Amino acid sequence: MTEKNEFTIDVVRIAKIAKALSHPARVHIVKKLSAMNSCCYSGDLVEELPISRSTLSQHLKELKYAGLIQGEINPPYIKYCINREIWEEAKGLFGYFFNEEQTPIRFNSQAKKNSNKIKI
């Protein structure tokens, strides 16, 4: 019987990030936050997207789970920012995936820690 290989950390991270970006609303949110040098309130996002507040909340939850964004609660508001460290890692991973970057990917300790918990 042949021994099966496990997925590498970089493959698992790419899949997790790709899953988080698998909806146009999430792509829009990440694009907007990555272009800003500040944070954005969820109320501002719901005004510019064709989705309900509860749907937006679910999309934000998925992006947070992947580590792409981080939220800060200032009752009654929630402010969201891009997680620059993870965003840079994501860009490097996708560059590697599309063969634009030939160097090995270096992971931060949080990515290694979370890779065991990833559900694909």
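Here the structure is a predicted model, which means the values were calculated and not measured.
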Open item on the list: Other residues, nucleotides and ligands only: do more than 12 of their heavy atoms fall within 6.0 Å of CD on E6?
Closed with: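 Open.
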Open item on the list: Does either side chain, that of S52 or that of T55, offer a donor lying less than 3.5 Å from an acceptor on the other one?
Closed with: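 Indeed, the side chains of S52 and T55 share at least one donor-acceptor pair under 3.5 Å.
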Beyond-backbone contact of [X] with [Y], side-chain heavy atoms, under 4.5 angstrom:
X	Y	answer
I86	R13	yes
M36	I82	no
I69	L63	yes
C39	Y80	no
E72	I78	no
Q70	K64	no

- [ ] Please determine if E62 and K19 form a salt bridge, counting it only when a charged side-chain N lies under 4.0 Å from a carboxylate O.
- [x]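 No, E62 and K19 are not salt-bridged.
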TODO: For side-chain contact (heavy atoms from CB on, under 4.5 Å), just list the numbers for Y65 and K16, CA-CA rounded to whole Å, side-chain angles, deciding distance to a tenth of an Å, and then say yes or no.
DONE: CA-CA 9 Å; Y65 177 75; K16 183 177 179 182; 3.8 Å; yes
Task: Non-neighbouring partners of C40 that pass disulfide bond (SG atoms under 2.5 Å apart), sequence neighbours left out - done: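 With sequence neighbours excluded, C40 shows a disulfide bond (SG atoms under 2.5 Å apart) to no residue whatsoever.
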Open item on the list: Test side-chain contact (heavy atoms from CB on, under 4.5 Å) on V11 and F97; report intermediate values, then the result.
Closed with: CA-CA 9 Å; V11 168; F97 179 70; over 6 Å; no
Once you round to the nearest 0.5 Å, how far does [atom1] of [X] lie from [atom2] of [Y]?
X	Y	atom1	atom2	result
H59	H28	NE2	NE2	11.5 Å
E89	I17	CD	CD1	5.5 Å
S34	I29	OG	CD1	12.0 Å

Task: side-chain contact (heavy atoms from CB on, under 4.5 Å) between L45 and R53, worked out - done: CA-CA 9 Å; L45 291 169; R53 190 174 295 276; over 6 Å; no
TODO: Output, in order, the C-alpha distance, side-chain angles, deciding distance and verdict of side-chain contact (heavy atoms from CB on, under 4.5 Å) for L68 and N83.
DONE: CA-CA 5 Å; L68 291 169; N83 182 333; 5.9 Å; no
- [ ] Could you label the plane-to-plane angle of the Y41 and Y77 rings as parallel, tilted or perpendicular, counting under 30° as parallel and over 60° as perpendicular?
- [x]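 Judged by the thresholds at 30° and 60°, the geometry between Y41 and Y77 is perpendicular.
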